[in-house]
Engineer: 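I'd like to ask you about the structure that follows.
Predicted model only: the values in this text are computed from it and were never measured. The figures here come from the full heavy-atom set of this structure, side chains too, leaving out hydrogens, waters and symmetry mates.
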Amino acid sequence: MKRSNVYGNEAASRQYPVNKDDSPEAARISSVSPKKQSVRKVSNHEETLRTGLSDFELDDLDEIVTKPKTVDDWKRGPLNVLPPELKLPHDVDKFGFLTSDSEPTLCKEISTSSVQEAMRVNKWVRMLSNWEYYTVKHQRVIRDRCRKGIPDSLRGSAWFHITGAFKWMEKRSGVYDELIKVETTRWDGQIEKDLSRTLPTHYLFKERSSPGQEGLYEVLQAYCVYNPTVGYCQAMAPIVAVFLLYMTREQAFWMLVRFCDVYMNNYFTERMESIQVDALIFGSLLRVYLPEEHEILRKVDVTPLTFVQNWFFCIYTRTLPWNIVLRIWDIYVFEGKWSLFSCGIVLLKYAFLPLTRGAKTNSHNDFEVLDAIMNFDSRSLNEEYFIRKTFEVKLTKDQKRSLVDRCTSKFKSGASQNHGRSGSTNYELARKKWHNWGRRNKRDRRPSDKPSKSASPEVLPCTGKDTSRRLTFTSEEMDTPVPSLPR
């Protein structure tokens with residue numbers, strides 16, 4: 001069977017043995033199981049990942065993964081693939097973050113053998129090379145492989161295809177080159193201020209002349225020209241920075257367009273309606289999965305909007321260790337914002353462990369609660385255990401639809417009662433509480449013991465207390481290493 005020409009080159013139309021989950025016609029090309037061929041080859045040469053691939057797959061891998069040949073090509077992206085004349089500095093971790101900083105960027109992870117890694121690359125190369133077939137016939141296979149983690153060498157290509165941004169780029173060829181010709185926009189000053197705040201501990205984003213900041217400025221300015229109605233928002237910068245590490249500047253631009261139009265629709269508008277509705281949804285999930293933690297937040301008058309905006313706007317890039325952030329992004333690009341809710345539930349449960357163990361829940365104030373949420377020690381998190389726990393937060397399609405409708409109606413009814421200002425008022429109150437906590441935390445002031453007003457209860461996705469849904473775990477469980485999922 002001739003595969004669809006996804007990349008527009010000879011490699012995309014070549015045939016080679018595929019796994020059992022590929023088409024029956026292609027599976028009959030070889031009488032030997034491709035999986036057995038891969039295991040046999042990799043077991044003989046474990047020192048390299050590429051030996052686990054056939055000659056056809058190696059050619060496809062070279063086509064899929066962008067490899068810069070010169071420094072000028074490398075500056076255009078992806079930044080995590082260095083040209084031959086450049087070497088990774090000794091004082092950075094495998095993702096490029098400075099290891100000399102006091103806050104480590106990685107948490108506990110289970111190392112995988114070169115055999116497992118080569119088999120994962122093998123599967124993803126085959127899937128990306130036959131992408132249209134998989135998107136039609138094997139959606140569940142894509143979902144499961146995203147949940148298990150995308151190989152880092154293929155992460156950019158996988159995100160680019162899963163989101164559908166590659167189609168937008170093909171249909172709008174040359175648009176990006178025209179956008180970057182515009183020299184100035186009214187957001188240039190704000191973009192310049194935020195460049196140094198984006199991934200400040202990454203060696204490619206530390207200086208204004210670094211390729212990271214140069215690419216970040218170019219992509220953000222191009223989007224302001226492309227969509228002047230939305231323009232620029234500070235939360236866009238870390239998102240684009242992640243894109244630039246794994247793809248070219250033009251690809252990062254179309255990924256941003258796709259995120260703003262689909263994944264984070266109405267997140268960056270003036271009223272920011274979507275983040276407020278999502279905060280209501282998250283509060284409803286808290287009542288079901290974390291009733292004790294929800295009660296603590298209610299007593300100290302801390303609404304979910306106060307902290308989820310920091311999580312959802314940047315997709316946890318400023319909150320969690322980098323290896324967990326990438327795993328969350330792998331899931332998010334396929335499953336959408338519901339993965340952010342489940343990660344937030346697990347994260348909040350872990351952050352509240354010091355408050356819910358041994359101490360009375362009514363003995364805390366808003367400063368202590370926010371400090372526990374925002375300053376928890378993420379170094380002891382276990383990557384595989386954290387990701388597995390997120391899958392325990394389950395809702396059916398009907399429950400999701402009902403929950404979204406109810407929370408959207410609640411938001412709109414509040415806005416109509418206050419002549420359209422309720423949404424922005426709630427957002428400003430949450431931002432004010434956030435900034436107050438930030439100033440007190442920076443000055444290391446002692447929290448006051450003044451009692452706070454009680455907040456109104458959030459909308460429940462179902463009636464009654466469903467104790468079977470409660471998410472429970474201890475810090476000891478989080479620290480226990482677990483075997484890595486089969487890839």
Side-chain angles (χ1 to χ4, degrees), residues 3-4 6-7 12 16-23 26-27 33-39 42 49-50 52-54 56-58 60-61 63-65 109-166 242-243 246-247 255 258 263 315 323-340 342-343 383-394 482-487:
R3 294 180 297 163
S4 57
V6 178
Y7 304 101
Y16 56 82
V18 291
N19 280 329
K20 293 180 180 179
D21 49 10
D22 284 332
S23 60
S33 170
K35 187 173 182 180
K36 292 181 180 179
Q37 291 177 352
S38 301
V39 173
V42 174
L49 300 179
R50 296 173 63 84
L53 304 175
S54 67
F56 290 145
E57 291 163 347
L58 286 175
D60 276 1
L61 179 62
E63 294 289 346
I64 293 172
V65 180
E109 57 180 344
I110 305 299
S111 60
T112 57
S113 66
S114 58
V115 177
Q116 290 177 308
E117 189 69 15
M119 292 180 64
R120 293 172 59 211
V121 173
N122 186 317
K123 293 177 181 179
W124 275 95
V125 167
R126 291 174 174 178
M127 188 164 65
L128 290 173
S129 300
N130 199 16
W131 184 248
E132 292 187 3
Y133 170 75
Y134 272 88
T135 55
V136 174
K137 298 291 185 178
H138 294 289
Q139 288 278 336
R140 186 179 296 272
V141 173
I142 302 176
R143 184 203 67 180
D144 292 344
R145 291 180 180 176
C146 288
R147 289 185 172 187
K148 295 171 185 177
I150 302 173
D152 201 61
S153 60
L154 298 173
R155 187 164 266 130
S157 298
W159 290 352
F160 199 53
H161 282 75
I162 293 172
T163 59
F166 76 101
V242 177
F243 293 153
Y246 290 96
M247 56 191 70
M255 284 286 290
R258 187 68 172 167
Y263 288 79
I315 318 179
N323 49 338
I324 293 184
V325 170
L326 295 177
R327 292 289 301 276
I328 293 175
W329 279 56
D330 292 344
I331 302 171
Y332 175 68
V333 293
F334 185 82
E335 300 186 23
K337 67 171 62 177
W338 289 100
S339 60
L340 301 184
S342 58
C343 291
E383 175 186 336
E384 291 290 351
Y385 188 86
F386 184 93
I387 297 299
R388 287 186 181 187
K389 272 295 180 180
T390 62
F391 302 146
E392 296 184 12
V393 183
K394 299 179 180 179
V482 295
S484 180
L485 291 169
R487 304 296 182 182

Engineer: Assess whether side chain to side chain donor-acceptor pair (under 3.5 Å) is satisfied between Asn122 and Arg126, documenting all intermediate values.
Structural biologist: CA-CA 6 Å; Asn122 186 317; Arg126 291 174 174 178; 2.9 Å; yes

Engineer: What distance do Leu154 atom CG and His161 atom NE2 have between them, rounded to the nearest 0.5 Å?
Structural biologist: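 The CG atom of Leu154 sits 11.0 Å away from the NE2 atom of His161.
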
Engineer: Is there a side-chain contact between Val393 and Trp338, using heavy atoms and a 4.5 Å cut-off?
Structural biologist: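 SC-SC contact between Val393 and Trp338 ruled out.
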
Engineer: With sequence neighbours left out, write down each residue that passes ring-ring contact (aromatic ring centres under 6.0 Å, His included) with Phe334, or none if nothing qualifies.
Structural biologist: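 Scan of Phe334 (ring-ring contact (aromatic ring centres under 6.0 Å, His included), adjacent residues dropped) gives none.
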
Engineer: Are side-chain heavy atoms of Met127 and Trp124 found at a separation under 4.5 Å?
Structural biologist: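 In short, these two side chains touch, coming nearer than 4.5 Å.
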
Engineer: Can you tell me if Tyr263 uses its side chain to pair, donor with acceptor, with the backbone of Val333 under 3.5 Å?
Structural biologist: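 Yes; judged by distance alone, with no hydrogens or angles, the pair exists.
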
Engineer: Out of curiosity, His138 NE2 to Arg143 CZ, how far, rounded to the nearest 0.5 Å?
Structural biologist: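 The NE2 atom of His138 sits 14.0 Å away from the CZ atom of Arg143.
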
Engineer: Can you give me the closest heavy-atom contact between Arg147 and Arg327, atom names plus distance?
Structural biologist: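 Closest heavy-atom pair between Arg147 and Arg327: O-NH2, 3.0 Å.
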
Engineer: Can you see which heavy atom on Ser342 is nearest to which on Ser339, and at what distance?
Structural biologist: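 It is OG-O, 2.9 Å.
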
Engineer: Write down the atom of Arg120, the atom of Gly149, and the distance for their closest heavy-atom approach.
Structural biologist: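 What the structure gives for the nearest pair is NH2-O, 2.9 Å.
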
Engineer: To the nearest 0.5 angstrom, please state how far the CD1 atom of Ile324 sits from the OH atom of Tyr385.
Structural biologist: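 These two atoms lie 12.5 Å from each other.
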
Engineer: Residues in salt bridge (Lys or Arg N to Asp or Glu O under 4.0 Å) with Lys337, at least two apart?
Structural biologist: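 Once residues adjacent in sequence are excluded, the partners of Lys337 under the salt bridge (Lys or Arg N to Asp or Glu O under 4.0 Å) criterion are Asp278.
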
Engineer: Roughly how far apart are Asp152 CG and Asn323 CG, rounded to 0.5 Å?
Structural biologist: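 Those atoms lie 10.5 Å apart.
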
Engineer: Out of curiosity, Thr390 OG1 to Ile328 CD1, how far, rounded to the nearest 0.5 Å?
Structural biologist: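 So the OG1 of Thr390 and the CD1 of Ile328 are separated by 7.5 Å.
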
Engineer: Could you pull out the closest heavy-atom pair between Ala158 and Leu128, with the gap in Å?
Structural biologist: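 Looking at all heavy atoms of both residues, the shortest contact is CA-CD2, 4.0 Å.
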
Engineer: Checking Phe160 now: which residues fulfil ring-ring contact (aromatic ring centres under 6.0 Å, His included) with it, not counting sequence neighbours?
Structural biologist: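 With neighbours one apart ignored, the set is empty.
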
Engineer: Just wondering, do Ile142 and Trp131 contact through their side chains at under 4.5 Å, heavy atoms?
Structural biologist: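 When only atoms from C-beta onward are counted, Ile142 and Trp131 do touch, with a gap below 4.5 Å.
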
Engineer: Is there a side-chain contact between Val242 and Trp159 in this structure, where contact means two heavy atoms from C-beta onward sitting under 4.5 Å apart?
Structural biologist: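 Answer yes - side chains close enough.
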
Engineer: Going from SG on Cys343 to CZ on Phe386, what distance comes out if it is rounded to the nearest 0.5 angstrom?
Structural biologist: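 Spacing of SG (Cys343) from CZ (Phe386) equals 5.0 Å.
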
Engineer: Where the side chain of Arg258 meets the backbone of Thr163, is there a donor-acceptor pair that is under 3.5 Å apart?
Structural biologist: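 It does hold such a pair.
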
Engineer: If we only count heavy atoms from C-beta on, is the Asp330 to Arg155 side-chain gap below 4.5 Å?
Structural biologist: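 A side-chain contact under 4.5 Å exists here.
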
Engineer: Measure centre to centre between the rings of Trp329 and Phe243, then say whether the value is under 6.0 Å.
Structural biologist: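 Between Phe243 and Trp329, which both carry aromatic rings, the centre distance is below 6.0 Å.
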
